[in-house]
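Reading through the structure tokens given below for one structure.
Below, read A as the first sequence line, B as the second, and so on, with proteins coming before strands; counting in each chain starts at 1. The shown structure was predicted, so the numbers you read here are calculated from the model rather than taken from an experiment.
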2 protein chains.
Amino acid sequence: MAVATGERVRRAAVKLFATKGFHGTGIRDLAQAAKLSSASLYHYMGTKEELLAGIMRDCLRNLLDEATTALEGVSDPVERVRRLVTVHVTAHARQPNETRVADDNIEVLSPRLRRDVVRLRDDYEALWSDTIEEGLREGVFDTAQPTVTRIAVLDMCTGVARWYSSRGPLSLRLLAEHHVELTLRALGVRVSAGCGLANSRDPQACPGAAAEGRSWGE
Amino acid sequence: MAVATGERVRRAAVKLFATKGFHGTGIRDLAQAAKLSSASLYHYMGTKEELLAGIMRDCLRNLLDEATTALEGVSDPVERVRRLVTVHVTAHARQPNETRVADDNIEVLSPRLRRDVVRLRDDYEALWSDTIEEGLREGVFDTAQPTVTRIAVLDMCTGVARWYSSRGPLSLRLLAEHHVELTLRALGVRVSAGCGLANSRDPQACPGAAAEGRSWGE
DNA sequence: GCGAACCGATCGATCGATCGGTAGCCTCTT
DNA sequence: AAGAGGCTACCGATCGATCGATCGGTTCGC
């Protein structure tokens, strides 16, 4: 067999939860998309909610692992931010469905299933908080409201999952680099002109991502 | 009577749709929250979906009107951005439920109801696009990917609805000013130090919004 | 006596979940 | 070699609950 059945179920759930929402997806939709009877579904998932929680957990664990690895041995706050943003943006651009499911459904989970997910999210965000605090301590960052700035930057990088299309004119690399630049600017880092990720005015006509119309709502 | 029944229905819907989602909210939940029988509900709303569309339409119309008014007679791109951000952030902080419903449910609407809402959203975003383009033309903005920057800034300002609490230590005024600063930085505006919204390093311990734990997911 | 405001009862459809089953394969026993 | 038993993989049928929506009413101010 090409793809294991359990994996088919997981993938169908990711796609449907991302596009129609958890409550908007029935188990019969799920069964049809996974080419299975709704009864057989229960051989692979626990409840529908446990399936959701599993997807969210795996997605966040991946993100946390990737970020942790990317930060290993790196102490310069600017370089740490570069890597955090790159990992975050890349993950959200490459797996928009997984990340959207993980980002948008915390409130759906019952307390029992929510706990693990929230802990993973908090651990992940702690990487950002710690890095920003260290940058402030060293005097390389300059922002009056570090917490607000952190949330704002995370929101902006997370949003990528909602509009980026790899079929658009913007490469994944450029996308990540641009978000690194936006983030460093938000953090008040003075980017020395012409060096590193310097931002030359590029007059080419608006190479926005998936055409002007954003992907959501036609 | 204190509040008209129709208004009670509307408010209940806003709160429930924002917290539990459209598909997560049943008409019986709605009826209970509005202190009405589920049958009487239909005397005030059309279908549940039309109720949603009405909320979204009104919210976006409000935002568009406020922004248009705020921009009247203002041609300086920097000042226009200041006002756009202030209107956007203030609306999202003051009416987080309305704006979340308007922002998160476009894909839920059937094409017929979606059209008007999408047009309003596009008209609103055009204010941002035009302003940013003008700023680039005048040379006061500096960003290599204007479209990406616009989307990123909008996402970051929209996110306010998901975490800001007026009961937190951060005033609405400071919140808006900080987002103006973040946005101008993202757009590559050089803020002359010590003037206007200058950003002095403020060492007070992280006056983040609704306590550290963000509002979503405990 | 008419319309606005409201509701109990109930519609058919769909919800998430479970039931008792069957088919095929692997292992162990004799 | 033959069979017994058990396990994974799957499904048709159906459970009770709930879904969004509609019906035929009643009450009440104008």
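Distance from the side chain of Ala39(A) is smallest to dG12(D) among dG20(D), dC15(C), dG12(D). Nearest nucleotide to the side chain of Tyr42(A), out of dA17(C), dG8(C), dA13(D): dA17(C). Closest to the His43(B) side chain, of the nucleotides dC7(C), dA5(C), dG20(D), is dA5(C).
When rounded to the nearest whole Å, the span between CG of Leu36(A) and C1' of dG12(D) equals 13 Å. A straight line from NZ of Lys35(A) to P of dC11(D) spans 12 Å, rounded to a whole angstrom. Atom CZ of Phe17(A) is separated from atom P of dG16(C) by 9 Å (rounded to the nearest Å). What separates CG of Leu41(A) from P of dC19(C) is a distance of 16 Å, to the nearest Å. Taking atom CG of residue Leu30(B) and atom C1' of nucleotide dG20(D), one finds them 11 Å apart after rounding to whole Å. In this entry the distance linking CD1 of Ile27(B) with C1' of dC19(D) reads 7 Å, nearest Å. The CG atom of Asp29(A) sits 17 Å away from the P atom of dA13(C) (whole-angstrom rounding). Protein atom CZ of Arg28(B) is 7 Å distant from nucleotide atom C1' of dG20(D), rounded to whole Å.
Listed by residue number, the members of residues 45-57 of chain A with any heavy atom below 4.0 angstrom from DNA chain D form an empty set.
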What's the verdict on ring-ring contact (aromatic ring centres under 6.0 Å, His included) for Tyr164(B) and His92(B), showing C-alpha distance, side-chain angles and the deciding distance?
-> CA-CA 9 Å; Tyr164(B) 180 74; His92(B) 280 72; over 10 Å; no
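Using a cut-off of 4.0 Å between Lys/Arg side-chain N and Asp/Glu carboxylate O, Arg100(A) and Glu107(B) are scored as salt-bridged. A salt bridge is absent between Arg121(B) and Asp116(B); no separation between the charged side-chain nitrogens and carboxylate oxygens falls under 4.0 Å. A salt bridge does not link Asp103(B) with Arg162(A): every distance from a Lys NZ or Arg NE/NH1/NH2 to an Asp or Glu carboxylate oxygen is 4.0 Å or more.
Rounded to the nearest 0.5 angstrom, Leu120(A) CG and Glu125(A) CD are separated by 11.5 Å. Taking OG1 of Thr86(B) as the reference point, atom CZ of Arg173(B) lies at 10.0 Å (rounded to 0.5 Å).
Phosphate proximity of dG8(C) to Ser37(B): absent, as no side-chain N or O sits under 4.0 Å from OP1 or OP2. Between Ser40(B) and dC7(C) there is a side-chain N or O to OP1 or OP2 distance below 4.0 Å.
Within a 6.0 Å sphere centred on CD of Glu50(B), other residues, nucleotides and ligands contribute more than 12 heavy atoms.
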